[in-house]
Amino acid sequence: MTSPQNASAGSRFPKGARAFPHRDLIGISSLERHEILYLLAEAEQYVAFNRQAAKHSEQLAGLTIINAFFENSTRTLLSFEIAGKRLGADVVNMYAAQSSVKKGETLIDTAVTLNAMRADAIVIRHGSSGAVGLIANHVDCPVLNAGDGQHEHPTQALLDALALRHKLRERGNEAEDFTGLTVTICGDILHSRVARSNVLCLQALGASVRLCAPPALMPVGVERMGAQPFHDFEAALEGADVVMMLRLQNERMDGQYIPSPREYRHLYGLTPERLALAREDAIVMHPGPMNRGVEIDSAVADMATRAIITSQVEMGVAIRMACLDVLTRKARGVVGWGEGEWV
Ligand code: CP
């Protein structure tokens, strides 16, 4: 069995730049382009590691990681748990529904309680935008945002970038970034932390991003983020290299935003006919969970040569291993953490 090694940062870092001088991972908005590329580079070793039959290392042995999830999750929770365990850490999951949060404990008291247990990293998903950043201010260890309200889902954007890069490489495109690519993101943009993190990440890596949603599900001011807004899905698809579909986040809707799922599919569902408007070989992505027959048809979601939805899930484990590894380097005394230049 091959154990993962710390990847060399290589020559792409600006002179004097630090590889990853952050204690926490709260959002893509606080990352520089070279820091995003660094996390992607670090994740590559874990992609290979995870494809081995035996996949266990002792890299984080002795560390305790707490996954505190105040919202439901399948992919993010399980992949963080698998990531920590494959690296040899002790991983504990806290589900808010079974915790003292239900007895009225405040978010900050919960954070202070987790901190007192001497966690070495805390992974948090919460329904309120900004909650993860708030918790980070009350604990002594690295905090990783596993999705906070409508704000950010940084590891999702990183895993999406890694999956996209793998697909492009499979097609012979060895570029490190996405310069020249047009990515159309369609769905409930208003409530989507995935859209926000992806706009930031894709643009940092050189892609042009189009955002498409019904008027009621498009936030104001997306142009200020540098994205091109569309309400006409067919226009948004024209010539796109990548189509990323998002589900309707009914759990965040406090009223009627669309006439019906059937009407929504009629205008915004990705069907094989609509996909034909994008580039001939356009790549199809979805962060999951999917609502088949609403925002995406099975005939598209299951396209073996173009849909990379299961690859996104695979890359999620590798990205989360890389993030846990990088953010716990200070605790582990790994030489080079945030100190001067990496060579
Ligand atoms: N994409 C994503 O965050 O999925 P989960 O809600 O299942 O974690």
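When reading the values below, keep in mind they use all heavy atoms of this one structure, side chains included, and skip hydrogens, waters and symmetry mates. Atoms within a ligand are numbered from 1 in the order they appear, just like the ligands themselves.
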Could you name the protein residues that come within less than 4.0 Å of ligand 1, counting only heavy atoms, and order them by chain and residue number? Ser73, Thr74, Arg75, Thr76, Arg125, His153, Gln156, Pro287, Gly288
By ring-ring contact (aromatic ring centres under 6.0 Å, His included) - contacts of Phe230 (at least two apart): none
Using the ring-ring contact (aromatic ring centres under 6.0 Å, His included) criterion, which residues pair with Phe178? Sequence neighbours excluded. none
Exercise answer: donor-acceptor pairs, residues 276-290 side-chain atoms, under 3.5 Å, sequence neighbours excluded:
residue: Arg279; atom: NE; partner: Asp241; partner atom: OD1; Å: 3.0
residue: His286; atom: ND1; partner: Gly288; partner atom: N; Å: 2.8
residue: His286; atom: NE2; partner: Glu295; partner atom: OE2; Å: 2.7

If you look at every heavy atom in Asp120 and Pro142, which pair is closest and at what distance? O-CD, 3.1 Å
Can you see whether Phe69 has Arg125 sitting over its ring - NZ or CZ less than 6.0 Å from the centre and within 45° of the normal? no
For Tyr264 and His266, I'd like to know if the aromatic rings sit close, meaning centre-to-centre distance below 6.0 Å. no
